[in-house]
Chemist: 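First, the structure itself, so that you have it in front of you.
The figures here come from the full heavy-atom set of this structure, side chains too, leaving out hydrogens, waters and symmetry mates.
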Amino acid sequence: MIGSGGREHALVWKLAQSPLVKKIFVAPGNAGIDEIAENLPLAADKPVELADFAQSSRIDLTIVGPESPLVFGIVDYFQSRGLKIFGPTKAAARLEGSKAFAKTIMERTGVPTARFQVFRDLKEAVATIEKAPVPIVVKADGLAAGKGVIVAKDREEAVKAVTGILADRVFGEAGGQVVIEECLSGEEVSILAIADGAHCILLESSQDHKRAFDGDQGPNTGGMGAYSPVPMLNGSGIEQVRKKIFEPVLKGMAKEGAPFTGVLYAGLMLTSDGPKVLEFNVRFGDPEAQAVLPRLKSDLMELILAAMKGEIHKVPVAWDSKASACVVLASAGYPGKYDVGRVITGLAQLKDLPDTLVFHAGTRRQGDRLTTSGGRILNVVGLGNNLEKALEKAYQAADQIQFEGKQCRRDIGAHALNFTRQGRNREIAKR
Ligand code: AMP
Ligand code: GLY
C-alpha cells in the first residue's frame, strides 16, 4: 500500500481481514497502520525505490492510495517492470490530473456536468467572465491539493482567480489552463466505483464535509468528516448515476485508448435537473473511504483482484445495513499553519469498543508516546442502526481523545439529519 493517511489506514484495516492477504507493507504509513502492517521508510512519490522494494521483496500486488503517484504514472512504471499494481494508468488518471480533459470526456460522452469553457489565454478568460452570470466557478486544470477551485461570488473575484492561475501561476504547472464553469447548487454526494476497464460496481454513497468549521463555514480542507449512506440519493438516483455517468465515462475512456481500471470517484451535485458531476478523482476519497469501507461486508481484496481480471461485474457485493459516521480530529490552525509533536491520549480505552473504529492520519510514535505529525490527525468512526446512533458513537469516542489544539466539526451528518427530519414532517403534514 502506498500512502500514509486515514484512507490508507482504513484500506489496510479492511484488506488485513481478507484470507487472501498474508502480509501488508505500507510506504510510508503512520503510527496506526504500524499496529496492523509493516511501515516502510519509503515516500509515496519515489516510484523507482518503491518498485525496487516490490521487486526485491516479491510483493504480489501494490495498491496506490493518493492521486499524485497515479497522475505521474506509477502504474505504467510498475507495469513496465512486470510488477502488479492496482490503479489507473497515467492516461486514465487524467480524469483527475486534468480538469479540462475530464470536462472534454464528459462533453463527448454526454455526462451531465456544469457548462464550461477552457482557456489558456488570460485576456480571453477575462472577456468571458465579463459577460458571464455570477457566481461563477474558476478551476486550475491540474492537481492543486484541493485548493485549485474558486467559487467566485462576483466578477472581480473571478478575474482575480484566473489572473492568479494563468499569469501568476499560483498553482505552478497546474495552471497552464483554466476551466471556467457554471455554478451549480444542491447537495454534494460522493459515489465511488471499482472499475475493471469496461465495467464497474458502485460503492455505497457518502458525503464529505469540506469546510473547516460548523455550518460549512471557513476555508476548504481535505475533508473534516463523512457519513454513509446519503439519504438524499435514493436507489433510482443511484441507478441514474450508474447509467448516465459511470457507464458512459468508462466507455468513453476505453474508446479513447485509456481504459480505466481502479477506483473512480465521482463528486456529484444533486441539482434540480438531477445529479451532475463536479469532478472525478481516480482513487478512494479521504475521509469517504473511512466511512464507506467499515460498511462493506465483501472481501475488498477479492473485488480488487476481480477488477484486475476484467471481471468486477461477476462478484456480488454485500453491505452492512448500519449507517456510519466519521469525525476528523485536526490540529488547531489546519488547513493553515499548525504545530506538530503534540501528545495524543485517550486512544487505549477505545480499542475494543463495539461499533467504534479509529483510523490514524497524521500520527507518529515517539518512544512510547503517540504524537501529532500533520493537519488531520485521527478519524473516529461510529456505526449504528441509523445515522443518529452512528454519530453518537463517533462523538462519544472523539470526546475521549485529547491533544492540545484538537479541533473537529460538531455537525457531521447535519444535512442528512435535516433531510430525514423534513421528510418525516412532510409525511405528518400529509396525514
Ligand atoms: P473539487 O476540488 O473539484 O472537488 O471542488 C471543490 C469544491 O468546489 C466542490 O466540492 C464544490 O463544493 C465546489 N464546486 C466545484 N465545482 C462547482 C460548480 N460547478 N458549482 C458549484 N460548486 C462547485
Ligand atoms: N474527500 C475529498 C477527496 O478525497 O478528494
Side-chain angles (χ1 to χ4, degrees), residues 1-15 26-33 37 43-45 63-71 86-88 93 95-97 143-149 188-194 203-212 219-228 230 262-268 278-296 300 324-331 334-335 338 357-363 372-381 394 398 407-409 412-413:
M1 174 73 58
I2 296 174
S4 62
R7 162 182 52 207
E8 287 76 17
H9 191 179
L11 283 165
V12 170
W13 168 82
K14 181 66 188 162
L15 290 167
V26 187
N30 61 39
I33 291 173
D45 62 352
I63 298 173
V64 189
E67 61 276 16
S68 156
L70 295 167
V71 169
F86 178 64
L95 278 177
E96 179 166 2
L143 290 188
K147 298 194 179 75
V149 175
E188 286 185 45
V189 183
S190 305
I191 301 283
L192 282 65
I194 301 181
L203 304 185
E204 293 248 306
S205 58
S206 56
Q207 186 176 53
D208 188 10
H209 296 62
K210 288 196 160 89
R211 302 295 199 92
N220 265 324
T221 69
M224 293 300 288
Y227 65 89
S228 172
V230 181
V263 174
L264 183 58
Y265 160 149
L268 305 174
L278 296 178
E279 60 158 353
F280 283 114
N281 293 319
V282 299
R283 34 119 191 130
F284 281 98
D286 185 341
E288 286 94 329
Q290 295 90 304
V292 170
L293 292 174
R295 299 189 53 233
L296 176 64
L300 179 62
S324 68
C326 167
V327 177
V328 171
L329 308 184
S331 300
Y334 172 78
Y338 51 80
L357 294 160
V358 179
F359 297 121
H360 291 224
T363 64
T372 66
S373 68
R376 291 189 290 178
I377 306 303
L378 294 161
N379 304 264
V380 188
V381 179
Q407 64 154 326
C408 72
R409 278 183 61 164
I412 300 306

Chemist: How many angstroms lie between atom CG of Asn379 and atom CG of Leu357, to the nearest 0.5 angstrom?
Modeler: 10.5 Å

Chemist: Return the minimal non-hydrogen interatomic distance between Val327 and Ala394, and the atom names on each side.
Modeler: CG2-CB, 4.0 Å

Chemist: Has Glu67 got a side-chain atom pairing as donor or acceptor with Asn281's backbone, closer than 3.5 angstrom?
Modeler: no

Chemist: Which residues pass the side chain to side chain donor-acceptor pair (under 3.5 Å) test with Glu8, not counting sequence neighbours?
Modeler: none

Chemist: Can you name the closest pair of heavy atoms from Gly222 and Tyr334 and give their distance?
Modeler: N-OH, 2.8 Å

Chemist: Looking at His209 and Gly413, would you say the former's side chain and the latter's main chain have a donor-acceptor pair under 3.5 Å?
Modeler: yes

Chemist: Looking at every non-hydrogen atom in both residues, tell me the closest pair between Ser205 and Val230 and how far apart they are.
Modeler: OG-N, 2.9 Å

Chemist: With a 4.5 Å limit on heavy-atom distance, are the side chains of Leu70 and Glu96 in contact?
Modeler: no

Chemist: With a 4.5 Å limit on heavy-atom distance, are the side chains of Ser68 and Leu143 in contact?
Modeler: yes

Chemist: For Arg283 and Val64, indicate whether the former's side chain and the latter's backbone hold a donor-acceptor pair under 3.5 Å.
Modeler: no

Chemist: Could you give the distance from CD (Gln290) to CZ (Phe359), rounded to the nearest 0.5 Å?
Modeler: 7.0 Å

Chemist: With distance as the sole test, does Arg409 use its side chain to make a donor-acceptor pair with the main-chain N or O of Gly225 at under 3.5 Å?
Modeler: no

Chemist: Where the side chain of His360 meets the backbone of Ala31, is there a donor-acceptor pair that is under 3.5 Å apart?
Modeler: no

Chemist: With heavy-atom distances below 4.5 Å as the criterion, would you say the side chains of Ile412 and Val328 are in contact?
Modeler: no

Chemist: Counting N and O atoms only, with roles assigned by atom type, does the side chain of Glu188 sit under 3.5 Å from a partner on the main chain of Leu268, one being a donor and the other an acceptor?
Modeler: no

Chemist: Please round to the nearest 0.5 Å and tell me the distance separating atom NE2 of His9 and atom CD1 of Ile33.
Modeler: 6.0 Å

Chemist: Kindly compute the distance separating OH (Tyr265) from CG (Asp286), expressed to the nearest 0.5 Å.
Modeler: 9.5 Å

Chemist: Determine yes or no for a side-chain-to-main-chain donor-acceptor pair under 3.5 angstrom, with Ser190 supplying the side chain and Gln207 the backbone.
Modeler: no

Chemist: Which heavy-atom pair separates Ile2 from Pro66 by the least distance, and what is that distance?
Modeler: O-CD, 3.2 Å

Chemist: Is a side-chain donor or acceptor of Asp208 paired with a backbone partner of Gly223 at a separation under 3.5 angstrom?
Modeler: no

Chemist: Is it true that a side-chain atom of Asn30 and a backbone atom of Ala361 form a donor plus acceptor pair closer than 3.5 Å?
Modeler: yes

Chemist: Would you say the side chains of Ser324 and Arg295 form a donor-acceptor pair under 3.5 Å?
Modeler: no

Chemist: For the pair Ser228 (side chain) and Val292 (backbone), establish whether a donor and an acceptor sit closer than 3.5 Å, ignoring hydrogens and angles.
Modeler: no

Chemist: May I ask you to test the Val149-Leu278 pair for a side-chain heavy-atom distance under 4.5 Å?
Modeler: no

Chemist: How about Phe284 and Leu203: do any of their side-chain heavy atoms sit closer than 4.5 Å?
Modeler: yes

Chemist: Looking at residues at least two apart in the chain, or sitting in another chain, which of them share a side chain to side chain contact (heavy atoms under 4.5 Å, CB included) with Asn220?
Modeler: Lys210, Arg211

Chemist: Can you see which heavy atom on Val381 is nearest to which on Cys326, and at what distance?
Modeler: CG2-CB, 3.9 Å

Chemist: Measure the spacing between CG of Leu329 and CD1 of Ile377 and express it to the nearest 0.5 Å.
Modeler: 8.5 Å

Chemist: Taking all heavy atoms of Gly374 and all of Ser331, pick out the closest pair and write down the distance.
Modeler: O-OG, 2.8 Å

